[in-house]
Undergrad: 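Before I ask anything, here is the structure I am working with.
Throughout, a chain's letter reflects where its sequence line sits, starting with A, and its residues are numbered from 1.
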Number of protein chains: 2
Amino acid sequence: MVLLDVQELSDQIKTIHPITLSSEKALSSICKEVAFSKGKNVQEIGHTCKTIYFVKKGVVRIYYFKDAIDITESFEFENAFVARAESLFTGKPSRKAIQAIENTTLIAIDSNKLFKLFDTHSDLERLFRKIIEISYVNTVNRIESLQFNTAEERYKSLLKDTPDVLKRIPLKYVASYLGITQVSLSRIRGVK
Amino acid sequence: MVLLDVQELSDQIKTIHPITLSSEKALSSICKEVAFSKGKNVQEIGHTCKTIYFVKKGVVRIYYFKDAIDITESFEFENAFVARAESLFTGKPSRKAIQAIENTTLIAIDSNKLFKLFDTHSDLERLFRKIIEISYVNTVNRIESLQFNTAEERYKSLLKDTPDVLKRIPLKYVASYLGITQVSLSRIRGVK
DNA sequence: ATGATTATTTATCATATGATAAATACTTTT
DNA sequence: AAAAGTATTTATCATATGATAAATAATCAT
């Protein structure tokens with residue numbers, strides 16, 4: 001029996017909403033560690049999302065296809081949670097996939113078991129409520145950026161706010177994340 | 001003592017997550033009914049959001065200014081919940097305002113009192129977790145639309161999915177919601 | 001009802017970004 | 001190290017949307 005190391009997860013939880021030792025054990029009992037090498041899909045398009053991931057090491061992206069064009073919806077780095085919300089919270093199959101951009105180690109949390117745990121561990125429900133709140137605020141801010149900033153403004157805020165994205169993610173993925181083509185991004189970067 | 005009529009709120013709650021009678025009473029005890037005439041601000045820019053509203057009658061929008069230009073972030077119609085998430089969930093003052101677009105009646109829920117109720121009424125916490133999940137899914141879908149659909153595609157989906165917006169909301173507000181200028185929207189509408 | 005204000009449309013010109021193609025640069029595999 | 005495959009940049013041309021201004025239409029206040 002391999003002991004699961006959820007230290008990074010526990011540390012991250014403490015910064016959001018501390019939970020009891022009993023809840024921590026219950027949570028860890030529904031976790032599995034999974035590893036994906038660079039480029040591999042963690043979850044496929046068409047699959048119904050029943051797992052919430054925590055990034056222990058590496059980076060992943062959520063992506064989908066529009067008119068056969070690969071579009072990156074989001075990136076998640078170490079210590080972030082990842083799930084395809086539109087599937088997880090509706091029970092419908094997802095039109096999106098999750099892919100490892102680097103060799104990545106994830107902690108996989110079984111969402112059905114987690115939702116059951118909420119009945120007996122209210123601190124876990126509160127923790128995940130707060131995690132959703134944080135994700136929600138992030139997407140609201142992202143809408144603001146996409147709604148009325150120019151591509152150049154969006155690129156510059158990314159450079160300023162999350163330079164890691166530009167260091168660790170191929171530009172072809174960054175471009176669609178910013179809502180532009182790769183060629184446009186290259187042009188914007190070229191301007192001094 | 002005026003009895004508060006929260007029938008619409010109760011009905012809406014039932015469709016999301018049924019709660020006990022005790023929770024329903026507790027919730028109603030922290031609610032107030034408030035009315036705003038057309039054009040009036042429900043909450044001002046710079047104010048820290050401590051209220052979650054439920055739209056009983058009318059429409060509101062959340063808006064802010066970018067370079068002195070009025071931008072509509074979202075609309076909410078009857079039976080929807082409204083709050084400026086980026087302030088409510090962070091405790092920071094909001095850069096956004098809430099405005100009544102028609103004569104509007106809202107049910108105002110005191111968020112601090114609500115968060116306290118969560119300690120004793122776990123079904124209320126679950127209800128609001130689900131409300132946040134729904135809002136989160138909506139914003140994720142909105143990002144998808146802003147990220148790679150053309151202005152014309154966005155206008156047409158709006159026409160198809162929420163025709164009420166185009167019937168009840170002045171086009172100048174709809175334009176910025178779609179991420180375009182009013183003149184562009186007018187041009188797109190003109191095309192047969 | 002009348003005039004004043006506000007909202008919407010139409011027109012013209014400017015510009016940012018898209019589409020396509022080709023040239024480099026960088027990685028990976030053998 | 002060479003070859004093959006990817007990723008990025010550069011160039012050219014096309015187009016959707018922006019900016020501004022002016023005309024029309026709708027709404028509001030007296």
Side-chain angles (χ1 to χ4, degrees), chain A residues 36-41 58-59 61 63 65-72 75 99-103 144-159 163 165-192, chain B residues 36-41 58-59 61 63 65-72 75 99-104 144-159 163-192:
Chain A
F36 294 87
S37 51
K38 181 173 174 174
K40 286 278 183 300
N41 271 355
V59 204
R61 67 176 185 126
Y63 72 99
F65 290 96
K66 195 218 163 189
D67 304 335
I69 310 253
D70 174 321
I71 297 179
T72 297
F75 306 109
Q99 181 190 36
I101 291 183
E102 302 173 353
N103 291 333
E144 194 177 323
S145 151
L146 285 167
Q147 206 176 358
F148 259 98
N149 289 359
T150 64
E152 188 173 349
E153 286 171 327
R154 299 199 296 272
Y155 171 73
K156 284 187 175 160
S157 347
L158 193 66
L159 199 58
V165 170
L166 291 155
K167 282 183 202 130
R168 294 172 64 181
I169 312 274
L171 292 173
K172 61 173 177 170
Y173 297 152
V174 175
S176 64
Y177 174 78
L178 290 173
I180 54 178
T181 62
Q182 191 185 353
V183 172
S184 278
L185 176 56
S186 197
R187 176 163 38 197
I188 286 166
R189 284 161 55 82
V191 177
K192 294 289 122 32
Chain B
F36 293 87
S37 50
K38 182 175 175 174
K40 286 278 181 300
N41 271 355
V59 204
R61 69 177 184 124
Y63 72 99
F65 290 96
K66 195 217 165 191
D67 304 335
I69 310 254
D70 174 320
I71 297 178
T72 297
F75 305 109
Q99 181 189 37
I101 290 184
E102 302 174 352
N103 291 333
T104 297
E144 195 178 322
S145 151
L146 285 167
Q147 206 176 356
F148 259 97
N149 290 358
T150 64
E152 189 173 348
E153 287 171 326
R154 298 199 296 272
Y155 171 73
K156 285 188 175 158
S157 345
L158 194 66
L159 198 58
D164 256 25
V165 169
L166 291 154
K167 283 184 201 129
R168 294 171 64 181
I169 312 274
L171 292 173
K172 62 173 177 169
Y173 297 151
V174 176
S176 64
Y177 174 78
L178 290 172
I180 54 178
T181 61
Q182 191 187 352
V183 172
S184 278
L185 176 57
S186 197
R187 176 164 37 200
I188 287 166
R189 284 161 54 83
V191 176
K192 294 289 122 33

Undergrad: Between C1' on D:dT6 and OH on A:Tyr173, what's the gap in Å once rounded to a whole number?
TA: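 Whole-Å distance recorded here is 10 Å.
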Undergrad: Within the 4.5 Å heavy-atom criterion, are B:Lys40 and B:Thr104 side-chain neighbours or not?
TA: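 No. Closest side-chain heavy atoms not under 4.5 Å.
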Undergrad: Find out whether A:Ser184 and A:Arg187 are in side-chain contact, i.e. whether some heavy atom of one side chain is under 4.5 Å from a heavy atom of the other.
TA: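 Answer yes - side chains close enough.
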Undergrad: What's the CZ-C1' distance between A:Arg189 and C:dA25, to the nearest Å?
TA: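 It is 13 Å, rounded to the nearest whole Å.
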Undergrad: Measure NZ/A:Lys172 against C1'/C:dC26 and give the value in whole Å, please.
TA: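 That distance rounds to 13 Å.
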Undergrad: So do the side chains of B:Leu166 and B:Tyr155 get within less than 4.5 Å of each other, counting heavy atoms only?
TA: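 In contact.
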Undergrad: In whole angstrom, what separates B:Ile169's CD1 from C:dT6's P?
TA: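 Rounded to the whole Å, the gap is 20 Å.
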Undergrad: Do A:Gln182 and A:Lys172 make a side-chain contact, defined as non-hydrogen atoms from C-beta onward lying under 4.5 Å apart?
TA: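 Sidechains of A:Lys172 and A:Gln182: in contact.
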Undergrad: Taking the side chain as every heavy atom from C-beta outward, state whether A:Glu102 and A:Phe36 have any pair of such atoms under 4.5 Å apart.
TA: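 No - every pair of side-chain heavy atoms lies 4.5 Å or more apart.
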Undergrad: Taking atom P of D:dT6 as reference, at what distance in whole Å does atom CG of A:Asp70 sit?
TA: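 It works out to 14 Å between those atoms.
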Undergrad: C:dT8 C1' sits how many Å from B:Leu171 CG, rounded?
TA: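 B:Leu171 atom CG is separated from C:dT8 atom C1' by 7 Å.
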Undergrad: What does nucleotides 11-19 of chain C look like as a protein-contact string, B for base, S for sugar-phosphate only, - for none, at under 4.0 angstrom between heavy atoms?
TA: BB----BBS
Undergrad: Closest to the B:Gln182 side chain: C:dA7, D:dT10, D:dT6?
TA: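 Per side-chain heavy atoms of B:Gln182, the pick is C:dA7.
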Undergrad: Going by distance alone, is a donor N or O of one side chain under 3.5 Å from an acceptor N or O of the other, for B:Arg61 and B:Thr72?
TA: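 The answer is yes; a qualifying pair exists.
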